[in-house]
Structures are given as structure tokens and as C-alpha cells.
Amino acid sequence: MPDAAASPHPKPKDKDSPPMSVVTRFAPSPTGFLHVGGARTAVFNFLLARHFGGTFILRIEDTDQERSTPEATKAILDGLTWLDLSWDQLYYQSKRADLHNEYIDKLLESGHAYWCECTPDEVQAMREKAQVEGRKPKYDGRCRERGLGPGPGRVVRLKAPLSGTTSFNDLVKGVISVNNEELDDLVLRRADGWPTYNMAVVVDDVTMGVTHIVRGDDHVSNTPKQILIYRALGLNPPVFGHVPMILGPDKKKLSKRHGAMSVTDYRDMGILPEAMVNYLLRLGWAHGDKEIFSREEMIALFTTENLGSSAAVFDLDKLLWLDSHYMKQTRPEELAALLPDFLAAKGLPRAEPGYLARVVPLLQARAKTLVEMAAAADFFVLPDAELPYDGSAVAKFLTPEARTRLSAMAEGLAALPRFDQVSLEAYFATYLEAEGLAFKAVAQPLRVAITGRTFSPGLHETMDVLGRERVLARLARAVNL
RNA sequence: GUCCCCAUCGUCUAGUGGCCCAGGACGCUGGCCUCUCACGCCGGUAACAGGGGUUCAAAUCCCCUUGGGGACGCCA
């Protein structure tokens with residue numbers, strides 16, 4: 001069995017010292033989708049392991065037979081894969097019940113646990129009574145010294161210390177200590193023979209050699225209980241770090257009410273995974289004033305040292321800003337490969353990646369997400385005959401005079417020896433010179449005629465990408481609208 | 001109810017006793033650039049929850065108050 005005690009707290013200053021074996025884990029319960037809070041926890045654990053050249057374990061905690069589903073497990077795996085948070089080992093907790101029970105038996109043998117025949121109702125009554133009397137609701141330990149053996153309906157409880165304090169040095173919150181009077185003899189094995197969460201977690205973390213447990217804030221109160229189990233087992237607990245939760249704009253715990261919670265919702269919104277990870281990382285962690293982190297930088301710079309200790313509000317605007325940044329950074333070919341699905345989602349034709357790779361550069365600075373890019377690409381992918389025209393734009397810019405000029409330009413464009421950006425610029429320069437006009441005078445009519453609306457990428461490059469045939473077809477159509 | 005945790009601009013945060021009458025980023029906003037829309041660039045707005053200490057010196061340390069949150073399961 002791995003010795004959990006042999007895990008020194010990594011010191012940032014020793015960043016480049018010989019690798020100590022750091023083992024982290026992300027342990028979601030498959031009862032829903034991978035939500036942003038879980039995803040952020042995964043990011044932290046992934047980065048911590050990679051930073052120290054350690055191991056990142058994914059453990060599906062599916063011991064709740066009622067609520068765990070294969071669909072949820074798949075959703076979590078998909079979410080992590082999308083974010084490119086690759087795990088080194090994958091475990092399903094439900095398959096390890098025998099192992100958990102072995103440890104419970106050890107505790108029974110060593111006298112650190114005992115059988116209890118109190119029913120859930122009885123325990124419930126004890127708790128209520130304590131509560132009204134202003135005490136901590138807890139099991140009163142009445143079976144503690146009865147020396148009961150196994151039997152139907154009986155559970156195994158931990159014989160927890162009655163006095164003293166249990167404390168630990170949290171990586172993000174510092175020393176946390178709790179009076180053992182606050183804790184009760186928690187159930188280790190249910191009446192149906194299945195181990196409980198706290199027991200399973202400890203056994204798994206111990207046997208998997210987990211050295212750093214970075215998890216959500218909501219687990220701080222479980223930590224003392226788990227430490228008690230480690231002690232009963234005669235083992236030293238690993239290092240804990242509890243990160244604060246993520247809140248909605250109203251400062252309440254993030255929930256469906258606030259809109260998208262699942263990371264896949266963000267994928268569908270057209271957010272790039274790089275932006276999502278960057279955003280999640282900065283939510284609760286900082287490295288000076290740095291906002292943008294490449295994957296390499298994240299790994300090199302991340303330590304638990306700079307984790308924040310207060311809850312953070314999820315800010316969609318900032319995520320969008322980061323995404324717009326990554327939209328500009330990503331190679332056109334990559335975006336072109338992702339775009340067809342988003343075009344299809346809008347009922348637009350799935351254009352060829354080769355063609356899209358030429359369209360994308362014109363749109364990168366104009367779209368914050370892939371969804372926006374797909375929308376902005378409509379006139380690039382729609383057949384000429386199906387291009388919709390904005391009525392008020394037509395009325396405003398396609399005046400009789402403008403149509404006359406459009407026809408004249410169409411003739412000139414048809415006669416051009418070459419139809420690329422350079423020759424287009426040259427053509428318009430001479431045409432406008434001869435007419436005594438500024439480009440400004442023809443730009444909007446031209447734009448409306450070619451794109452159907454009043455805003456678009458630069459006209460020369462747009463025409464270049466569209467090609468002579470389509471430009472001419474649209475000009476002809478516009479003149480007769 | 002009891003215990004635990006948290007508290008810097010609207011938001012994410014920097015700040016680890018003097019460099020801070022508090023810096024960066026998002027947002028909002030003024031301007032520049034310009035064939036439109038964007039991008040970009042320059043500028044502006046805005047915070048140490050309150051009160052006591054400790055100290056020559058506190059956003060930084062301590063205490064209290066207030067306000068948030070979490071936990072108290074044979075759920076995870």
C-alpha cells in the first residue's frame with residue numbers, strides 16, 4: 001500500500017527540484033453533467049499534477065446506485081476530453097467496494113469501529129432532540145460499547161474520539177480545526193453492506209497514493225471525518241486544499257437558474273476549450289497581472305500557492321472576452337474545421353473546410369464565438385439566389401444612382417484580367433479617380449449588393465474570397481431588386 | 001440551532017507591514033484609426049464592509065460587529 005504520509009507539501013521555490021511523486025485526483029459523482037465548478041476543480045488538479053510531473057487520476061464516484069447514471073459518466077468524460085484535461089488513470093468507485101470493506105473489517109478488528117443496530121429513525125430522533133436542546137445534531141453512540149456483532153439491519157460505525165481536536169493545514173484556507181465533540185460516530189458501512197462515501201474516499205485515496213486533495217469548499221466539513229478515519233487506520237492523511245465555490249451573478253450558488261452550468265453548454269455556445277480552461281483557471285487563481293495563459297504556461301506557473309480563498313462570481317462577459325482572444329489566436333484551418341457544425345446549427349450550408357479557411361481570417365476579429373462566426377459567415381456560404389437582403393439597407397443604399405454605378409462597376413469587374421485583392425484595389429482606385437469619387441461614396445451600396453447588409457469585412461478581401469462569379473451574380477441581382 | 005469558512009473597483013483579481021491617497025483585466029465610457037462592422041491604440045470611471053486594537057507605519061496582524069456561504073445523512 002502506498003504511504004500517504006510520504007507526500008511532502010510541494011514548495012513553490014522547489015519548483016525545479018527533483019520530482020516528488022505528486023498524485024492528484026478529480027472525483028466527480030456521475031449524477032449530472034460536468035458543471036463549471038467541477039471543471040475548475042479538474043483544471044486545478046490536472047495542472048497541479050502536471051506541474052510536478054505527477055499523476056492525475058479520474059475517479060468516478062458512482063456508489064450512489066440511485067442517482068448515478070452511465071449517461072452522466074459519459075458526459076463527464078466528454079467534458080474533460082473537450083477541455084483536453086487528460087487523466088492518467090481512471091477508476092470507478094463502485095467496483096472497489098470489496099476493497100473498502102476490507103478496510104472496514106480492519107477497523108472492526110482493531111477496535112476502531114463497531115456494529116450498531118440503531119435504525120435510521122432512531123438516529124433521526126436523536127438528532128432532532130439534540131437540535132432542539134441547542135446541541136450539535138449527532139448520533140449519541142449508544143451502541144459504542146455494546147460489543148455487537150454483524151446482523152441484519154446493522155451498520156458499522158467509526159469509534160471516533162470523544163474529545164480533543166482534529167485539525168489540518170489547508171492549502172488555501174490555512175489551519176482549520178474542529179472540536180471532536182462536533183463529530184459523531186459516522187457510519188462506515190451501510191446496513192446493505194455498501195461502504196459510505198467518507199470511507200470509500202479514504203480507502204481510495206490511500207490505495208491510489210493520492211498526495212493532494214484539491215476539491216470544493218463544500219467538503220471542508222468532511223475533512224475532519226476523513227482524517228479520523230486515516231488516524232484509525234494508522235495512516236497519515238494527505239494534503240488538503242479546499243477551493244471556494246463559484247457563484248452566479250446574484251452571488252448565489254451557481255445553478256440552472258443562472259443559465260449554462262454544464263461545460264458542454266459552453267461548447268454549444270461556440271466557446272473554444274482553450275478559452276474555457278483559461279477562464280476557469282483565472283477564477284480563483286492568479287499569477288500577478290497575467291490574464292492569458294498558454295497550456296505550457298499554466299503548467300509551469302500553477303501551484304496551490306496562489307489559490308484564492310473567497311468565492312468567485314462567474315462572469316460570462318469575461319469568458320466571452322477570452323474567447324474572442326482565442327478566436328483571433330487560433331489558426332484559421334482549425335476554426336474552419338470546427339465551423340461546419342455551427343453553420344449547420346443555423347441551417348446554413350456546411351461549406352468546404354478549404355473555402356472556410358479563407359473566410360475565417362476575415363471573421364476572426366469580428367466574432368467572439370464560433371456561433372457568432374457562423375452567423376457572420378452566412379453570406380459567404382449561402383448560394384447567390386438565397387442571399388437575404390436587408391430591406392432597409394436596400395432602400396437606403398441601392399438608390400437609382402447607386403444601381404447605375406453598380407452596373408458600371410460590374411462591367412469593369414467582369415473585364416478584369418485578375419480578380420484578387422490587389423487588382424480589385426487597383427480597379428476601384430482608377431474607377432473612382434475617373435468618376436471623381438471617394439471609395440466612401442460607393443462602399444455601402446457595394447456592400448449591400450454583395451453581402452445583403454450594411455456591415456461586413458473589408459470589401460476588397462470579401463470580394464476576393466467570394467470570387468468573381470459570385471460577386472457578379474450578386475451585383476446583377478442587386479441591381480434588379 | 002451548532003460548528004466551520006469567507007470579506008480589495010459592478011465582476012475576476014494583484015497586494016504577504018512601508019514601493020498603495022491601492023495596480024491589472026472584463027464591463028461601461030470619451031477619443032483616435034476607418035469603405036461599414038469589428039480589431040487595435042490612447043484616456044476615463046470605479047474598491048480596501050464597519051468599529052476597536054497592535055505598530056514609528058495596516059488593505060496587509062489581532063479582536064468584535066455586520067454581511068455572505070458551507071456543513072451537520074445508512075448522498076456524494
Check your understanding: Could a donor-acceptor pair under 3.5 angstrom be found where the side chain of A:Arg447 meets the base of B:C35?
Key -> yes
Check your understanding: Of the nucleotides B:A76, B:C37, B:A25, which one has an atom closest to the side chain of A:Thr196?
Key -> B:A76
Check your understanding: For the pair made of NZ in A:Lys173 and C1' in B:C4, what is the distance, rounded to whole Å?
Key -> 9 Å
Exercise for review: Nearest-nucleotide wise, let me know which of A:Val313 and A:Phe455 is further upstream toward the 5' end of RNA chain B.
Suggested key: A:Val313
Point to revise | Base B:G1 paired with A:Glu133 side chain (donor-acceptor, <3.5 Å) | key: no
Study note, to complete from the structure: Sorted by position of nearest nucleotide on RNA chain B, 5' first, the leading residue of A:Asp64 and A:Ala443 is A:Ala443
Revision key, fill the gap. Residues passing the side chain to side chain contact (heavy atoms under 4.5 Å, CB included) test with A:Ser221, sequence neighbours excluded, are none
Review point. Taking the side chain of A:Asp218 as its heavy atoms from C-beta onward, which of B:C37, B:U8, B:G70 lies nearest to it?
Key: B:G70
Check your understanding: On a plain distance test, is the side chain of A:Asp289 in donor-acceptor contact with the base of B:G23 below 3.5 Å?
Key -> yes
Exercise for review: Take the angle between the ring planes of A:Trp285 and A:His287 and call it parallel below 30°, perpendicular above 60°, tilted in between.
Suggested key: parallel
Review point. Quick check, are the ring centers of A:Phe439 and A:His460 under 6.0 angstrom apart?
Key: yes
Check your understanding: For A:Asp105, what residues pass the salt bridge (Lys or Arg N to Asp or Glu O under 4.0 Å) criterion, not counting sequence neighbours?
Key -> A:Arg189
**Study point:** B:C37: syn or anti, per glycosidic angle within 90° of 0
**Key:** anti
Could you go over nucleotides 16-18 of chain B and give all protein N or O partners under 3.5 Å, atom names and distances?
none

Check your understanding: From the list B:C39, B:A7, B:C3, which nucleotide is the closest neighbour of the side chain of A:Glu182?
Key -> B:C3
Any N/O pairs under 3.5 Å between the protein and nucleotides 26-29 of chain B? List them or say none.
from	atom 1	to	atom 2	distance (Å)
B:C26	OP1	A:Trp321	NE1	3.3
B:C26	O2'	A:Lys318	N	3.4

Practice item. Check step by step if salt bridge (charged side-chain N to carboxylate O under 4.0 Å, His left out) holds for A:Glu401 and A:Arg405. Key: CA-CA 7 Å; A:Glu401 184 192 17; A:Arg405 273 205 281 267; 3.6 Å; yes
Review point. Among A:Phe33, A:Tyr279, A:Phe314, whose ring-ring contact (aromatic ring centres under 6.0 Å, His included) with A:Tyr266 holds?
Key: A:Phe314
Exercise for review: Could you list the residues that satisfy side chain to side chain contact (heavy atoms under 4.5 Å, CB included) with A:Asp250, not counting sequence neighbours?
Suggested key: A:Lys252, A:Arg257, A:His258
Review point. Are any of A:Lys251's side-chain N or O atoms less than 4.0 Å away from OP1 or OP2 of B:U11?
Key: yes
Exercise for review: Would you give a per-nucleotide map of nucleotides 60-67 of chain B, 5' to 3', where B means the base has a protein non-hydrogen atom under 4.0 Å away, S means only the sugar-phosphate does, and - means neither?
Suggested key: --------
**Study point:** Nearest-nucleotide pick for A:Arg157, side chain only, options being B:A76, B:C74, B:U2
**Key:** B:C74
Check your understanding: Quick one: is B:G73 close enough that its OP1 or OP2 comes under 4.0 Å of any side-chain N or O from A:Arg127?
Key -> yes
Revision key, fill the gap. A:Leu459 has its side chain closest, among B:U13, B:A76, B:C35, to B:C35
Point to revise | N/O donor-acceptor pair, side chain A:Asn222 with base B:A76, under 3.5 angstrom | key: yes
